[in-house]
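Can you read through this structure? Questions will come right after.
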Amino acid sequence: MPEIKLSNLTSRYYKKKKVIQTAVEGLDCSFSSGKITAMVGPSGCGKTTLLRCILGLKDYDGDIYFDDIDVRGVSIKERNLAFVSQDIVLIPSYTVYQNIAFPLLNAGANTDEIRKRVYEVASKMRISELLSRKPKQISLGQAQRVCLAKAIVKRAYVYLFDEPFSNLDAKHRGELRHDLRTLLLENNATAIFVTHSIKEAMAIADYIYVMDEGKIVLQSTPDEFLETDNEIA
């Protein structure tokens, strides 16, 4: 899986050709291959804009590399990414099985391979008994598990998560963090996990960047963070 490197990354929002916000400013950082990196900070600090740049959905100045490949101009499909947001994005008329299988169908996988991978990820996400149900027949926590399974089943090179647990209660958040971290490490995935909670970042990530006003103001491992006097909520 690729290491992602950002060099002097800056991204702005414009209105009538005038800058109204510099969302990300001069970032130089990297996201290690096979590791989970958390981006922590308050709303509006630039976390989501950063993900959009990596996804290829937002213009930027500077450079983004996947290993040694400059991805400017590389299509989203060619970047082989999976993205999960806090919103539940499922097709209401499809069963859970069909929703999870959807990315594989789009990629042209054969029926046997799809069945094998869907059942495998459903088992690991503890939703095997839900495969024949429709989204309206399952709980919010279960639906978020389906969204995560739909992303994981792709076996993407890079996984991007934008506060995927923000609508869940503490119990479900803890269980999902554990299951998601286990799956990502099994897949040797390069993952970026955006959250406003340092506690959540410490529970799921191998490395933490803290952002404020478009810049990285702190970087550490969870263990290093515990040894400091930081009071970020």
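Hydrogens, waters and symmetry mates are skipped; everything else that's a heavy atom, side chains included, is used.
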For this session: Please test Ile76 against Leu57 for side-chain contact (heavy atoms from CB on, under 4.5 Å), starting from the C-alpha separation and ending with a verdict.
Result: CA-CA 8 Å; Ile76 296 175; Leu57 297 176; 3.4 Å; yes

For this session: Look up atom CD1 in Ile54 and atom CZ in Arg79, then write down how far apart they are to the nearest 0.5 Å.
Result: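 Here the interatomic distance stands at 9.0 Å.
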
Exercise. If only atom types and distance count, is the side chain of Thr182 paired as donor or acceptor with the main-chain N or O of His178 below 3.5 Å?
Worked result: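 Pair found, side chain donor or acceptor close to backbone of His178.
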
For this session: Applying side-chain contact (heavy atoms from CB on, under 4.5 Å), run through Val153 and Phe102 and close with a yes or a no.
Result: CA-CA 10 Å; Val153 80; Phe102 189 75; over 6 Å; no

Exercise. If two hydrophobic side chains count as joined below 4.5 Å and joins carry through other members, does Leu50 share a cluster with Leu160?
Worked result: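 Yes, because Leu50 and Leu160 connect within a single hydrophobic cluster, where side-chain heavy atoms sit under 4.5 Å apart.
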
Problem set entry | Cys29 SG to Met39 CE distance, which is reported to the nearest 0.5 Å |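 Cys29 SG to Met39 CE: 5.5 Å, rounded to 0.5 Å.
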
For this session: Answer yes or no: is there a donor N or O on one side and an acceptor on the other, between the side chain of Arg145 and the main chain of Met125, under 3.5 Å?
Result: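 Checked: pair present.
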
For this session: Check the hydrophobic clustering (I, L, V, M, F, W, Y; side-chain heavy atoms under 4.5 Å; chains of links allowed) and say if Tyr60 and Tyr13 are grouped together.
Result: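 Different clusters: Tyr60 never reaches Tyr13 through Ile, Leu, Val, Met, Phe, Trp or Tyr contacts under 4.5 Å.
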
For this session: Using modelled atom types only, decide if a donor and an acceptor are shared between the side chain of Lys47 and the backbone of Pro42 within a distance under 3.5 Å.
Result: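 It does hold such a pair.
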
Problem set entry | Which atom of Pro92 lies closest to which atom of Pro135, heavy atoms considered |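 Scanning both residues, the minimum pair turns out to be O-CD, 3.6 Å.
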
Problem set entry | Exceeds 12 heavy-atom contacts within 6.0 angstrom, atom CG of Asn8 |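 Counting neighbours around CG of Asn8, more than 12 heavy atoms of other residues, nucleotides or ligands fall under 6.0 Å, so yes.
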
Exercise. Is there a donor-acceptor pair closer than 3.5 Å between any side-chain N or O of Gln144 and the backbone N or O of Pro164?
Worked result: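 Confirmed, Gln144 side chain pairs with Pro164 backbone.
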
Exercise. Has Ile91 got more than 12 heavy atoms of other residues, nucleotides or ligands less than 6.0 Å from its CD1?
Worked result: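 Above 12, so yes.
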
Exercise. Quick one: does Thr10's side chain have a donor or acceptor within less than 3.5 Å of a partner on Gly26's backbone?
Worked result: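 Indeed, once roles are kept as given, a pair shorter than 3.5 Å links the two residues.
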
Problem set entry | Mutual orientation of the aromatic rings belonging to Phe31 and Tyr209 [parallel < 30°, tilted 30-60°, perpendicular > 60°] |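 Correct class here is perpendicular.
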
Exercise. Judged by atom type as modelled, is there a donor-acceptor pair below 3.5 Å linking the side chain of Thr22 to the main-chain atoms of Arg12?
Worked result: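 No.
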
Exercise. Do you know which two heavy atoms are closest between Val89 and Cys147, and how far apart they sit?
Worked result: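 What the structure gives for the nearest pair is N-SG, 3.7 Å.
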
Problem set entry | Ser33 side-chain N/O to Thr190 backbone N/O, donor-acceptor pair under 3.5 Å |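 Not at all, since once roles are kept as given, no pair shorter than 3.5 Å links the two residues.
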
Exercise. Do the side chain of Arg177 and the main chain of Ala203 share a donor and acceptor less than 3.5 angstrom apart?
Worked result: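 No, Arg177 side chain to Ala203 backbone: no donor-acceptor pair under 3.5 Å.
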
Exercise. Can you hop from Leu104 to Val146 via hydrophobic side chains spaced under 4.5 Å?
Worked result: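 Yes, Leu104 and Val146 fall within the same hydrophobic cluster.
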
Problem set entry | Verdict with reasoning, Glu186 to Lys124, per salt bridge (Lys or Arg N to Asp or Glu O under 4.0 Å) | CA-CA 11 Å; Glu186 283 181 2; Lys124 291 181 177 180; 3.0 Å; yes

Problem set entry | Stepwise side-chain contact (heavy atoms from CB on, under 4.5 Å) test for Val210 and Ile208 | CA-CA 6 Å; Val210 178; Ile208 298 169; 4.2 Å; yes

Exercise. With a 4.0 Å cut-off, would you call Lys5 and Asp63 a salt bridge?
Worked result: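 Looking at Lys5 and Asp63, the cut-off is not met.
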
Exercise. Among the clusters formed by ILVMFWY side chains lying less than 4.5 Å apart, do Ile100 and Leu81 turn up in the same one?
Worked result: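 Different clusters: Ile100 never reaches Leu81 through Ile, Leu, Val, Met, Phe, Trp or Tyr contacts under 4.5 Å.
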
Exercise. How far does CD1 of Ile127 sit from CD1 of Ile138, to the nearest 0.5 angstrom?
Worked result: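 One gets 7.5 Å once the value is rounded to the nearest 0.5 Å.
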
Exercise. Do other residues, nucleotides or ligands put more than 12 heavy atoms under 6.0 Å from Lys35 NZ?
Worked result: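 Not more than 12 within 6.0 Å, no.
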
Exercise. Looking only at heavy atoms, which two atoms of Val24 and Leu9 are closest? And how far apart?
Worked result: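 Answer, listing the atom of Val24 first, then Leu9: CG1-O, 3.5 Å.
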
Problem set entry | Minimal non-hydrogen separation, Pro103 against Lys154, with atom names |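 For Pro103 versus Lys154, the nearest heavy atoms are CB-CG, 3.5 Å.
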
Exercise. For the side chain of Asp70 and the backbone of Tyr65, is there at least one donor-acceptor N/O pair under 3.5 Å apart?
Worked result: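 Between the backbone of Tyr65 and the side chain of Asp70 there is no qualifying donor-acceptor contact (under 3.5 Å).
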
Problem set entry | Neighbour count above 12 (heavy atom, 6.0 Å) for Asn110 CG |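 Enclosed: over 12 neighbouring heavy atoms sit under 6.0 Å from CG of Asn110.
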
For this session: Looking only at non-hydrogen atoms, find the nearest pair between Leu168 and Gly141 and report the distance.
Result: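 Heavy atoms of Leu168 and Gly141 come nearest at CD2-CA, 3.8 Å.
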
Exercise. In Å and rounded to the nearest 0.5 Å, what is the CG to CD1 distance from Leu184 to Ile152?
Worked result: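 Reported value, rounded in 0.5 Å steps: 4.5 Å.
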
For this session: Report the residue from Tyr207, Tyr159, Phe165 that forms a ring-ring contact (aromatic ring centres under 6.0 Å, His included) with Phe193.
Result: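 Looking at Tyr207, Tyr159, Phe165, the match for Phe193 under the ring-ring contact (aromatic ring centres under 6.0 Å, His included) is Phe165.
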
Exercise. Judged by atom type as modelled, is there a donor-acceptor pair below 3.5 Å linking the side chain of Arg133 to the main-chain atoms of Val96?
Worked result: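 The answer is no, because no donor-acceptor pair under 3.5 Å joins these two groups.
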
For this session: Kindly give the heavy-atom pair with the smallest separation between Asp206 and Pro222, and that separation in Å.
Result: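 For Asp206 versus Pro222, the nearest heavy atoms are O-CD, 3.4 Å.
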
For this session: Answer yes when Arg117 and Glu113 have at least one side-chain N-carboxylate O distance shorter than 4.0 Å, and no when they do not.
Result: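 Glu113 and Arg117: salt-bridged.
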
Exercise. Does some side-chain heavy atom of Ile4 sit less than 4.5 Å from a side-chain heavy atom of Thr37?
Worked result: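 Side chain of Thr37 against side chain of Ile4, heavy atoms only: no contact under 4.5 Å found.
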
Problem set entry | side-chain contact (heavy atoms from CB on, under 4.5 Å) between Lys116 and Asp112, worked out | CA-CA 6 Å; Lys116 176 184 175 182; Asp112 289 342; over 6 Å; no

For this session: To the nearest 0.5 angstrom, please state how far the CG atom of Leu105 sits from the CD atom of Gln98.
Result: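 With rounding to 0.5 Å, CG (Leu105) is 8.5 Å from CD (Gln98).
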
Exercise. When rounded to the nearest 0.5 angstrom, what is the spacing between CZ in Arg52 and CZ in Phe83?
Worked result: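 The CZ atom of Phe83 is 8.5 Å from CZ of Arg52, to the nearest 0.5 Å.
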
Exercise. Are Leu218 and Leu27 joined in one hydrophobic group, where the rule is that I, L, V, M, F, W and Y side chains link up if heavy atoms are under 4.5 Å apart?
Worked result: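 Different hydrophobic clusters.
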
